[in-house]
Amino acid sequence: MKKLWGGRFTKETNKLVDEFTSSIHFDQRLALEDIEGSLAHVQMLGECGIIPAEDADAIIIGLEKIEKKIIEGKVEFAVEHEDIHMNIEKMLHDEIGPGAGKLHTGRSRNDQVATDMHLYLRRKTTEIIKLVEEVQKAIVRQAEENVDTLMPGYTHLQRAQPILFAHHLLAYFWMLERDKERLEDSLKRINWLPLGAGALAGTTFPINRERTAELLHFDQMYPNSLDAVSDRDFILEFLSIGSILMTHISRLSEEMILWSSQEFQFIELDDSFCTGSSIMPQKKNPDVPELLRGKTGRVYGNLIGLLTVLKGLPLAYNKDMQEDKEGMFDTVETLEGSLSLLAPMIDSMTVNQDKMYAAVSQDFSNATDIADYLVTKGLPFRQAHEVIGKIVLFAIEHQKFLLDVTLEEYKSFSPLFGDDIYAVLQPKHVVDARNSYGGTGKQQVLIQLQLAYDKLNHKE
């Protein structure tokens with residue numbers, strides 16, 4: 001079948017070349033965006049008198065028919081037509097005849113494909129922001145239910161200080177809030193219009209780019225045609241933000257895996273988010289968070305892949321840039337799938353409050369509070385730190401926790417100790433004493449929750 005660009009060629013394309021260079025098996029996902037861009041382009045052409053109004057109307061009717069068929073799944077895309085643009089142009093030719101050829105007046109596949117990707121990523125970024133918010137809502141709901149749940153806080157995966165479980169969960173809320181802000185900010189750069197840049201140098205036709213931008217709801221146009229067709233920064237930015245977002249998802253997943261293990265038993269994941277073993281009937285495996293953790297690597301890979309493709313490219317368009325799409329599509333799918341699973345998994349998990357409380361009652365995570373106690377009695381912190389280190393060593397050697405050490409034993413390390421030390425060492429007191437802004441004290445966590453509600457309700 002003759003190529004739409006085949007006038008200059010004397011031989012048919014090698015079938016292996018057709019297969020190797022064709023992008024239709026993945027860029028067909030841009031079908032609706034391609035039609036959206038074409039509808040705006042042809043409307044502008046008609047309004048500017050670049051093509052007759054009746055031709056513009058016929059093309060619009062034809063594109064709308066093709067759009068309907070695509071939505072209904074009644075379209076088959078062909079490798080011999082290379083990409084989504086040529087496939088749709090061929091369908092339009094079959095629908096309305098030779099007049100279809102006027103659609104491509106004043107544009108190139110170079111500015112066309114860039115426009116398609118801007119439209120696609122604008123839509124998907126907006127959808128992903130909503131999915132991030134659903135995860136945030138699930139976190140807030142669990143935090144609200146656990147504002148009195150004590151757990152060990154860790155550094156180096158060693159018990160450090162008691163905290164509220166709500167406080168720990170809300171740390172992920174703020175990570176996701178930054179991810180959401182990055183996604184929202186990226187829309188400023190996604191919403192630049194490349195259409196009208198032509199292949200690289202603009203067009204000789206008196207097009208109205210402002211009108212096309214208005215029809216497609218773009219905030220501004222690329223002021224440089226070379227930049228317009230060669231820019232993939234907006235995809236790199238999305239892949240970068242996606243990588244950071246997946247880092248946060250992976251860290252939370254890792255904690256859920258640890259917390260649900262026999263060694264911790266802090267939470268239990270709902271059966272609907274776990275699987276069993278083919279040989280060990282007692283197993284309940286946290287496969288979903290494990291896979292969320294694992295899929296982070298592919299998102300990183302998509303970012304590095306596109307950075308590598310673009311690293312040495314001269315301006316303007318090069319065929320290498322066909323490699324910009326699959327990683328973008330894969331990252332979109334991975335983020336959508338991960339976020340859609342994470343929200344209900346958080347919502348449905350059971351928090352074992354007794355196990356968490358037992359953990360903070362049988363460790364030395366309240367040691368810092370003894371040092372603070374001695375400081376309030378007038379002892380410099382560094383000396384207090386040394387005293388408490390010796391008390392902890394004594395307790396370990398005598399198989400005691402700090403609440404089990406007698407007052408006489410405390411006084412043998414410092415005469416500053418009094419009966420009030422036992423109230424200071426209670427896990428709840430240890431938590432509530434941290435009432436500085438952003439701290440784990442209940443009063444501060446309630447302030448955090450209100451801030452989270454305000455963010456979700458888009459209040460400043």
Side-chain angles (χ1 to χ4, degrees), residues 131-176 245-296 334 336-363 365 401 427-428 430-431 440 442 445-446 448-449 452:
L131 290 174
V132 171
E133 282 204 343
E134 290 306 309
V135 177
Q136 288 182 295
K137 289 174 184 176
I139 288 172
V140 165
R141 284 190 288 268
Q142 276 287 7
E144 192 175 35
E145 292 175 12
N146 287 280
V147 289
D148 293 307
T149 302
L150 274 62
M151 71 172 290
Y154 294 83
T155 62
H156 307 277
L157 205 56
Q158 303 293 315
R159 292 182 190 175
Q161 294 176 338
I163 61 173
L164 291 178
F165 185 51
H167 189 60
H168 197 130
L169 288 174
L170 286 170
Y172 287 100
F173 177 94
W174 298 110
M175 292 181 207
L176 294 173
L245 173 53
M246 284 303 297
T247 300
H248 295 152
I249 291 173
S250 183
R251 293 183 75 177
L252 177 54
S253 296
E254 169 68 7
E255 301 218 269
M256 295 175 83
I257 292 163
L258 287 173
W259 292 340
S260 62
S261 69
Q262 286 293 308
E263 284 67 28
F264 281 77
Q265 298 183 48
F266 287 175
I267 66 168
E268 183 176 356
L269 296 176
D270 191 81
D271 284 0
S272 59
F273 294 96
C274 298
T275 63
S277 166
S278 62
I279 191 172
M280 295 167 283
Q282 82 281 7
K283 295 288 295 297
K284 180 178 177 179
N285 298 327
D287 278 13
V288 171
E290 286 175 353
L291 200 51
L292 293 178
R293 185 177 60 184
K295 284 185 177 292
T296 303
T334 302
E336 287 177 335
S338 298
L339 293 165
S340 296
L341 280 169
L342 188 55
M345 186 167 63
I346 293 169
D347 256 331
S348 62
M349 74 181 182
T350 301
V351 179
N352 298 325
Q353 298 175 345
D354 293 342
K355 285 284 185 182
M356 289 187 180
Y357 187 78
V360 296
S361 302
Q362 297 176 2
D363 62 14
S365 61
F401 295 110
K428 187 176 186 307
V430 171
V431 169
T440 191
K442 182 176 179 179
V445 170
L446 291 175
Q448 257 195 93
L449 275 169

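Under the 3.5 Å distance criterion, the side-chain polar atoms of D270 are matched with a main-chain donor or acceptor of S272. Remark: side-chain polar atoms of T440 are paired, donor with acceptor, to backbone N or O of L164 under 3.5 angstrom. Under a 3.5 Å cut-off, the side chain of S261 and the backbone N or O of L258 do form a donor-acceptor pair.
Between I139 and L176 there is a side-chain heavy-atom pair separated by less than 4.5 Å. Considering only heavy atoms from C-beta on, L245 stays 4.5 Å or farther from S338 through its side chain. Considering only heavy atoms from C-beta on, T247 stays 4.5 Å or farther from M175 through its side chain. The closest side-chain heavy-atom distance from D354 to N352 is not below 4.5 Å. Counting heavy atoms from C-beta on, the side chains of W259 and M151 come closer than 4.5 Å. L131 has its side chain within reach of E336: a pair of non-hydrogen atoms, C-beta onward, lies under 4.5 Å apart. Between I346 and L252, some side-chain heavy-atom pair lies under the 4.5 Å cut-off. A heavy-atom distance below 4.5 Å is found between the side chains of R251 and Y172.
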I249 vs L339, side chain to side chain contact (heavy atoms under 4.5 Å, CB included): CA-CA, chis, key distance, verdict
CA-CA 8 Å; I249 291 173; L339 293 165; 3.8 Å; yes
Quick one, N146 with Q353, criterion side-chain hydrogen bond (donor to acceptor under 3.5 Å, both in side chains). Give me CA distance, side-chain angles, the key distance, then yes/no.
CA-CA 8 Å; N146 287 280; Q353 298 175 345; 3.2 Å; yes
Take V351 and E145 through the test side chain to side chain contact (heavy atoms under 4.5 Å, CB included) and record every step on the way to the result.
CA-CA 10 Å; V351 179; E145 292 175 12; over 6 Å; no
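Distance check, rounded to the nearest 0.5 Å: CD of Q136 to CD of E133 gives 6.0 Å. Here CG of L170 is found 10.5 Å from CD of E144. Values are rounded to the nearest 0.5 Å. From L291, atom CG reaches atom OG of S253 across 9.5 Å, with rounding to the nearest 0.5 Å. Taken from CG in D363 to CZ in R159, the straight-line distance is 5.0 Å, to the nearest 0.5 Å. Taken from SG in C274 to CG in D287, the straight-line distance is 7.5 Å, to the nearest 0.5 Å. Here OG1 of T149 is found 15.5 Å from NZ of K355. Values are rounded to the nearest 0.5 Å.
Checked options V445, V431, V147; the residue passing with H167 is V445 (criterion: side-chain contact (heavy atoms from CB on, under 4.5 Å)). No option in M345, M349, M256 other than M345 meets the side-chain contact (heavy atoms from CB on, under 4.5 Å) test with F273.
Closest of all the heavy-atom pairs between L269 and P289 is CD1-CG, 3.9 Å. The minimum heavy-atom distance between S365 and P162, with the atom names listed, is O-CD, 3.2 Å. Residues P286 and S260 approach most closely at CB-OG, 4.3 Å, considering heavy atoms.
Using cut-offs of 30° and 60° on the angle between ring planes, the pair F264 and Y154 is tilted.
Open room surrounds NZ on K428; 12 or fewer heavy atoms of other groups in view lie less than 6.0 Å from it. Within a 6.0 Å radius of CD in Q282, other residues, nucleotides and ligands contribute more than 12 heavy atoms.
Between K137 and E134 a salt bridge is recorded (basic side-chain N to carboxylate O distance below 4.0 Å).
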